[in-house]
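Here's the structure, in structure tokens; my notes come after.
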Amino acid sequence: MAPPAPSSRTTLSRAVLYLLLLLSLQVAAPAAAAMDPAERETLLRVMESVSADRDWREAAGADPCSAPWPGLECRPGTAAARMHVARLDFGVPPHPTCRDTATFPLAAFALPELRSLFLVGCFRNPRAVAAFTLPPASNLSASRLQQLSVRSNPSLAGALPPQLARLRSLRVLTVSQNALVRGAVPEGIGDLAGLVHLDLSYNSLTGPIPARLGGLRGLVGLDLSYNSFSGPIPGRLGDLAQLQKLDLSSNNLTGGVPAAVTRLRALTFLALANNGLRGRLPAGLSALRDLQYLILENNPMGGVPLPPELGNIPRLQELRLANSGYSGPIPDTFRLLSSLTTLSLENNNLTGRIPPGLSRLKRMYHLNLSKNGLDGVVPFDAAFLRRLGRNLDLSGNPGLCVTNRAVMPGVGVGVCGDDVVDCERSAAAESSVVGRVVRGEVTTGRWPAGLLRPAAVALCSCLLL
Ligand SMILES: *[C@@H]1O[C@H](CO)[C@@H](O)[C@H](O)[C@H]1NC(C)=O
Ligand SMILES: *[C@@H]1O[C@H](CO)[C@@H](O)[C@H](O)[C@H]1NC(C)=O
Ligand SMILES: *[C@@H]1O[C@H](CO)[C@@H](O)[C@H](O)[C@H]1NC(C)=O
Ligand SMILES: *[C@@H]1O[C@H](CO)[C@@H](O)[C@H](O)[C@H]1NC(C)=O
């Protein structure tokens with residue numbers, strides 16, 4: 001459940017900036033002496049534990065930083081006399097690929113100036129499972145590592161090492177898509193006060209979400225999705241005042257959606273889908289002024305109504321609440337969601353009319369209201385029906401019908417009986433409650449009279465009263 005990728009232009013300009021920075025580093029230190037021989041030896045041990053596609057001792061020469069290979073970056077030390085290893089990147093070409101029997105490169109943590117370590121798609125051999133381990137805590141206290149990324153390693157196994165808590169300079173910690181990494185999140189991760197991004201998604205982690213993560217006050221992104229975390233969502237996560245993205249979807253979380261989420265005023269993306277959450281949504285969600293994605297589908301909320309307050313989240317683009325047992329009407333306030341592109345409410349127990357105001361939402365392009373108990377005449381005009389096309393699904397609402405001049409194939413709703421239309425017309429003329437009568441020009445496949453729903457007829461007599 002990822003938010004949209006940054007535009008390639010941003011990525012490109014970042015890459016250019018980075019390149020300039022690298023060039024300037026090298027120009028600024030033209031007279032740097034060769035790498036310290038002990039550090040060179042450590043680097044060679046790292047290369048040999050992970051990659052064996054060449055003879056690194058021969059290839060490296062006396063000073064690897066004088067002609068770094070892809071995946072190796074160097075920077076001058078603080079005393080500027082020597083170059084040091086600053087970044088190592090393994091797994092995906094052009095970076096060195098990993099050998100079949102690669103082991104987790106413990107030696108890398110002895111490189112004194114290492115800032116970034118990437119192991120992406122490195123441990124992939126099902127016959128040689130590698131262990132996720134770190135050096136003893138006492139060896140890590142001087143670490144300057146800011147970014148550790150261990151991603152897409154199907155043959156890396158073990159628990160998250162508790163020594164991660166000693167990597168006090170970490171700003172970005174990604175341990176993601178390593179199906180064999182299991183067990184609990186070490187409590188000590190709550191001590192990594194400099195963390196900005198924590199991504200532990202797509203592993204096999206279990207146990208509760210540690211409440212101490214609420215102490216990571218600089219956190220901007222927290223992604224724990226696609227694991228087996230259980231228990232309630234800790235209220236302390238509400239302390240994460242900088243948090244923009246919170247993704248806890250696809251776990252075994254239970255309890256309610258905590259009111260604490262309404263304190264996350266910087267949120268743009270909130271996903272709690274595919275869990276065991278139940279009960280009413282907390283009051284105060286409209287305080288999330290920047291929220292663009294609210295993704296809560298597939299939770300057994302249990303017959304609760306949709307709060308009208310959801311219509312007052314001004315920047316909402318996607319609202320996904322399908323398969324969750326919501327009952328009662330679709331709030332009329334949803335007409336206020338002027339940025340909405342996707343509204344997904346299928347497979348609930350929603351009843352009553354479709355709010356006519358939905359058809360005035362100019363950005364809407366995906367609307368799924370299927371499998372509910374909605375009834376009445378579909379209040380969408382021909383332009384709206386055309387715009388949504390196949391992205392509109394109203395099927396599985398036996399009480400809904402469309403007027404014969406607005407039939408669109410595939411919407412999944414039958415044509416209203418003439419008496420129903422007449423009845424809607426006279427009702428619309430008398431009051432504005434029903435909304436405007438559909439005036440389309442497309443006339444395709446009028447449904448056989450035999451398929452007319454008794455519910456629609458019942459509606460008519462009801463309106464005539
Ligand atoms: C930890 O540090 C000790 C001494 O400082 C050293 O001998 C040992 O090799 C280090 N262990 C690792 C795994 O780096
Ligand atoms: C999570 O829930 C699924 C389905 O409800 C269940 O099969 C699985 O055993 C649970 N896992 C844990 C770790 O509780
Ligand atoms: C809808 O309500 C009925 C009874 O009112 C209930 O049996 C059914 O489980 C509900 N459906 C959902 C998806 O909650
Ligand atoms: C609407 O949701 C149903 C699931 O209930 C799904 O089968 C269908 O493909 C969806 N329709 C659209 C247009 O997304």
Side-chain angles (χ1 to χ4, degrees), residues 1 36-50 84-85 88 102-114 117 119 130-145 148 150 158 161-169 273-274 293 295-301 306 317-327 330 340-351 354 358-359 361 363-374 378 380 384-400 402 407-413:
M1 199 128 317
D36 177 78
E39 185 173 346
R40 177 178 175 277
E41 179 57 29
T42 305
L43 173 63
L44 293 176
R45 283 192 1 249
V46 174
M47 300 312 288
E48 285 162 358
S49 78
V50 176
H84 296 279
V85 178
L88 284 171
T103 55
F104 203 82
L106 292 185
F109 296 86
L111 294 165
E113 296 287 339
L114 191 68
L117 175 59
L119 296 158
F132 187 5
T133 52
L134 288 179
S138 52
N139 289 43
L140 296 174
S141 48
S143 165
R144 292 194 160 90
L145 199 63
L148 175 60
V150 180
Q163 303 97 294
L164 284 171
R166 302 304 287 263
L167 299 170
R168 292 296 170 86
S169 301
N274 307 320
Y293 298 84
I295 300 173
L296 304 178
E297 60 213 0
N298 294 317
N299 281 292
M301 304 300 276
L306 293 176
Q317 291 176 26
E318 286 196 19
L319 179 57
R320 297 179 175 273
L321 303 169
N323 308 321
S324 302
Y326 291 103
S327 64
I330 299 174
L340 204 63
T341 61
T342 296
L343 176 60
S344 153
L345 299 176
E346 69 268 20
N347 206 19
N348 283 295
N349 266 356
L350 300 171
T351 50
I354 297 175
L358 290 188
S359 68
L361 296 177
R363 305 238 166 92
M364 182 92 86
Y365 78 97
H366 195 159
L367 175 60
N368 199 338
L369 303 178
S370 68
K371 298 188 190 160
N372 279 290
L374 301 168
V378 172
F380 300 140
F384 185 87
L385 294 171
R386 255 198 316 272
R387 180 148 56 84
L388 271 73
R390 289 179 185 282
N391 292 327
L392 173 65
D393 194 341
L394 304 175
S395 63
N397 291 283
L400 280 183
V402 291
V407 179
M408 293 289 286
V411 169
V413 175

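Counting starts at 1 for both ligands and their atoms, following the listed order. Heavy atoms only: backbone and side chains are in, while hydrogens, waters and symmetry mates are out.
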Note: ligand 4 atoms sitting under 4.0 Å from heavy atoms of S370 are 1 (C), 2 (O), 3 (C), 5 (O)
re atom 2 (O) of ligand 1, the protein heavy-atom contact at minimum distance is N139 ND2, 2.3 Å
To the nearest 0.5 Å, how far apart are OG in S370 and CG in N397?
-> 7.5 Å
OG of S344 to CG of L321, rounded to nearest 0.5 Å, is 7.5 Å
Protein contact for atom 4 (C) of ligand 1 (heavy atom, distance under 4.0 Å) | no
Which pair of heavy atoms, one from N348 and one from S324, lies closest together, and at what distance?
-> OD1-N, 2.9 Å
In the protein, which heavy atom is nearest to atom 9 (O) of ligand 4, and how far is it?
-> D393 OD2, 4.4 Å
Atom CG of L167 and atom CG of L117: how far apart are they, to the nearest 0.5 Å?
-> 10.0 Å
If you measure from OG on S327 to CE on M301, what distance do you get to the nearest 0.5 Å?
-> 11.5 Å
Subset of ligand 1 atoms that lie under 4.0 Å from at least one heavy atom of P135 | 13 (C)
Look at atom 11 (N) of ligand 1 and say whether a protein heavy atom is found at less than 4.0 angstrom from it.
-> yes
Distance, nearest 0.5 Å, that separates OG of S138 from CZ of R166 = 7.5 Å
In this structure, CE of M47 is separated from OG1 of T42 (nearest 0.5 Å) by 13.0 Å
Residue R390 vicinity, atoms of ligand 4 by number, heavy atom under 4.0 Å | 13 (C)
Is there at least one protein heavy-atom neighbour under 4.0 Å from atom 14 (O) of ligand 1?
-> yes
Between N368 and ligand 4, is there a nitrogen or oxygen pair with a distance under 3.5 Å?
-> yes
Taking every heavy atom of V413 against every heavy atom of V402, the minimum-distance pair comes out as CG1-N, 3.7 Å
Do ligand 4 and N347 have nitrogen or oxygen atoms that lie under 3.5 Å from each other?
-> no
Any protein heavy atom < 4.0 Å from atom 7 (O) of ligand 1 = no
